[in-house]
Amino acid sequence: MQEKYHPTEIEKAAQNRWESTGAHRASEDAAKPKYYCLSMFPYPSGKLHMGHVRNYTIGDVLSRFHRMKGYNVLQPMGWDAFGLPAENAAMQNHVPPAQWTYDNIAYMKKQLKSLGFALDWERELATCKPDYYKWNQWLFLRMLEKGVAYKKTQVVNWDPVDQTVLANEQVIEGRGWRTGALVEKREIPGYYLAITKYADELLSSLDKLPGWPERVKLMQANWIGKSYGVRFAFPYELDGRKELLWVFTTRADTIMGVTFCAVAAEHPLAARAARDNPQLAAFIDECKHGSVMEADLATMEKKGMPTGIFVEHPLTHEKVEVWVGNYVLMGYGEGAVMAVPAHDERDFGFAKKYGLPIKPVIAIEGEDYSTEAWRESYADKNRGFCVNSGKYDGLAYDAAIDAIATDLKAKELGDKQVQWRLRDWGISRQRYWGCPIPIIHCESCGSVPVPDDQLPVVLPEDCVPDGSGNPLNKREDFLACTCPKCGKPARRETDTMDTFVDSSWYYARYCVGAGTRQANDRMVDDGTGYWMPVDQYIGGIEHAILHLLYSRFWTKVMRDVGLVSYDEPFANLLTQGMVLNHIFSRRTDKGGIEYFAPEEVDLVRDEGGQITGATCKADGRPVDYGGVGTMSKSKRNGVDPQALIEQYGADTARFFMMFASPPEQTLEWSDSGVEGAYRFLRRIWAFGYAARDAIAARPAMPASLAAPLADVRRELHLTLKQANYDLAKMQFNTVASAAMKMLNALEKAPRDAAGWDAVAAEGFAILLRLLAPITPHVCDALWSELGYGDDIFAAAWPEPLAAALEQDEVELVLQVNGKLRGSLRVPAGAPKADIEAAALAHEAAQKYMEGKPAKKIVVVPGRLVNIVA
RNA sequence: GCCGGGGUGGUGAAAUUGGUAGACACAAGGGACUUAAAAUCCCUCGGCCGCAAGGCUGUACGGGUUCGAUUCCCGUCCCCGGCACCA
């Protein structure tokens, strides 16, 4: 055994052995309970970042822990390989996205291996390979057949200078990131997946996911956004025709307070009104500027213009003017809203700005609504009742809506309706590096699906995008084809699929067929497959809505197509917090934005040590400090874990990651603390080395131990008990600190006391097994060096012994009026009356009671006594 | 703006979900060992008062419930994530 801890050597040796014995290859075994542990697969951006290290360490700790607990564990890995960054890199370096991606995969795979993760590499997949994305295309065709996939127009960000569609990420404050040009909205055709058909089930089956965090389920429920309301119409006459202006509202009880209507700029009524109103036409044009992002739309200044068209209130028959409002969205509901300024903040602001009438129609019992108090009354729909509303006066929310909906229905001008916030999933992307949509455009037959036997539609891998649209449009060899229907020359669709499609089903692809390699004659296995669903899914909280919702949707579609028999893909979910770091940026001359890595700047701090700004090391000019934010390639604030691994080894990196913060919390990166983790691992090695002879002798535990040693042993087992509790909660930071406490206890145990060798041997065996999932290499090496066994991961998980935990006396905290005043020792299991008597007799109790009698005595067994005087 | 989460020493955090606030570490300061450095070991470490024993105060801020609140309730401020074309 080596005297010093040499992480590089022992890690290399352990990894080589695991690889040569196939230690992490998983195969079906009916004798053991299965544990499919899956971490979200990475986008191959170049090198691993700290978020990956955190994510995969959590997954590996869980995998190794379950393996020691006797489970048959599968932990696979793959690559979410299509995406925008590859195209950006191509523009910068003139390298095809495919080559860039494959190079990155090779490098990152090496990094993952050097971290010692127990991954089954034989099942590796990459979504940019035709044998994977073929099945995207195949299921898309099934969806077309079922009417789940369909075509309609979509609104996109358009850069008028580059003449290209921009991703939301490429729009910075309403301008194109490369050109600085004001972004415009543009309508183009695209394919949609009807996720709204599954809205009800996606919402209700959240209740069947007890292993998901409440916050994620709540976010999904709010995103799906089921609301009950009333859809109704305002009749009007225009160009001699009778028409209806449909709107939807969740607050039909305020219908008598309507003082105007507002329609989206894209609404047909707006277009009609603009025909002979150049001012309005100009305003509608102005509304086309800006991005399509929800956050931008919600925070922009509310503007409007009257159309001069009046509609008739369906109940009062009053004339109501129609306005065009930039805050009304064509994609939501009807693209038109009723406006009740008295009881809606947005309508209120709009009415104030343009001098429109405000008519309060809801009041709260006992409150004066002659002032603007009625605005408050709106907030709590359960307290208000109708006023100023004719026959509806006095009705509360539910009764008012019932009565109003009934009256509207009688006039055939509306009814109650369930409304979803969820919108259908637009999957068309005008980008090259993605899965081709399997459609052929024929002049006579229109859009024709590619027949199954012509799949996959293979993406050429040698294109280099230049920023001016999709390079596939210049690839005649890709474009030219024949129509499957009529056989005439035709053109291929060049749009590719949203990369969320790729990641919506990869979890099921790792385990198609028996054995370790994927079968290629089918997309996924049916419900008789061994591994699905995933037992534990781990990934960033940033995926709480989109990726997880799309995956749930995709699973349900696969079920309805008859591919699988399970309803939900992920039984348990752990959402890890993000790893954050400082962000530095600077405006470019063109109005774009340029980011700087933390190592490229010098920090400027105030007296309190707070960061106020920074300067660029290269040119000495100031850069803007943008606070902390998620580590991302685009913001250039990632930290490369490679240096960490090379200097200290994988175990130190893993231990530090687990120790620094609980998995679900955000982690603000700092370089300090890593040294401490390394020091701890050195101390473990040193203890093992010093105790090697005692442990190798396999000493038997004496029948009884003297006090100091019995205390050490009790502390070890107590700490183990707590650590096992924390592990079940997946709170790994306190498991790591438990390991540190154990080492502290072992180090301070008196070596000359009888039985020390037995306590040391037992305690160290507990410590090594507890720590093995977190720092597998060093624990594996010590376990075999000290003769505990050949393979620590084949050893049983440690459990605390009742005999070691036994205690005669317990210490209770003594409080007087809730303030800590002392402590008392009582026999374990002492009756309450004895504890009360002992507390009252205590010197400190006498002093702070100041002669007053005890009004009440609270005894919390095993914890405290509180005397209320 | 809307939805979700968070705010505890100089720093990361802990507190068995209403019961000793700051475990375990990092950083800092002091000391031991050493020719020296590294490594290692020991001590101090929320704030205020005090030589000390000890006392008061303290979990973003303001209220409330309770014998007892970091934990529960109401309000305010700040930070992080998501907002449908980043993944």
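Numbers restart at 1 for each chain; the letters A, B, ... are given by sequence-line order, proteins then strands.
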For [N] and [X] - does any side-chain N or O of the residue sit under 4.0 Å from the phosphate oxygens OP1/OP2?
X: Ser661(A); N: A13(B); result: yes
X: Asn168(A); N: A84(B); result: yes
X: Arg421(A); N: A84(B); result: no
X: Tyr678(A); N: C26(B); result: no
X: Arg679(A); N: C26(B); result: yes
X: Asn733(A); N: A14(B); result: yes
X: Asn744(A); N: A23(B); result: no

Going by purine N1 to pyrimidine N3 plus the second Watson-Crick contact, or the G-U wobble pair, all under 3.5 Å, which nucleotide sits opposite [N]?
N: A53(B); result: none
N: G19(B); result: C67(B)
N: G10(B); result: C26(B)
N: G81(B); result: C3(B)
N: A39(B); result: none

So what does [X] touch, heavy atoms closer than 4.0 Å: a base, only the sugar-phosphate, or nothing?
X: Gln815(A); value: base
X: Ser428(A); value: base
X: Arg215(A); value: sugar-phosphate
X: Ala544(A); value: nothing
X: Pro662(A); value: sugar-phosphate
X: Leu667(A); value: nothing
X: Arg683(A); value: sugar-phosphate
X: Gln170(A); value: nothing
X: Val216(A); value: nothing

Quick check against the 3.5 Å criterion: does Thr127(A) have a side-chain atom that pairs as donor or acceptor with the backbone of Asp80(A)?
no
Donor-acceptor pair, side chain of Asp651(A) and main chain of Pro7(A), under 3.5 angstrom
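Pair absent, no side-chain N/O of Asp651(A) close to backbone of Pro7(A).
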Is G9(B) in the syn or the anti form, by the rule that syn lies within 90° of 0?
syn
What do the steps show when you test Trp505(A) against Phe553(A) for ring-ring contact (aromatic ring centres under 6.0 Å, His included), and what is the final call?
CA-CA 10 Å; Trp505(A) 65 281; Phe553(A) 161 67; over 10 Å; no
Taking only Lys NZ, Arg NE, NH1 and NH2, and the carboxylate oxygens of Asp or Glu, determine whether Arg683(A) and Glu747(A) approach each other closer than 4.0 Å.
yes
Do the numbers put Lys302(A) on top of the ring of Phe350(A), so that NZ or CZ is under 6.0 Å from the six-membered ring centre and no more than 45° off the axis?
no
Think Arg821(A) forms a cation-pi with Tyr848(A), using NZ or CZ under 6.0 Å from the six-ring centre and within 45 degrees of its axis?
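Yes, Arg821(A) and Tyr848(A) form such a contact.
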Same-atom distance (P) from G4(B) to U57(B), integer angstrom
37 Å
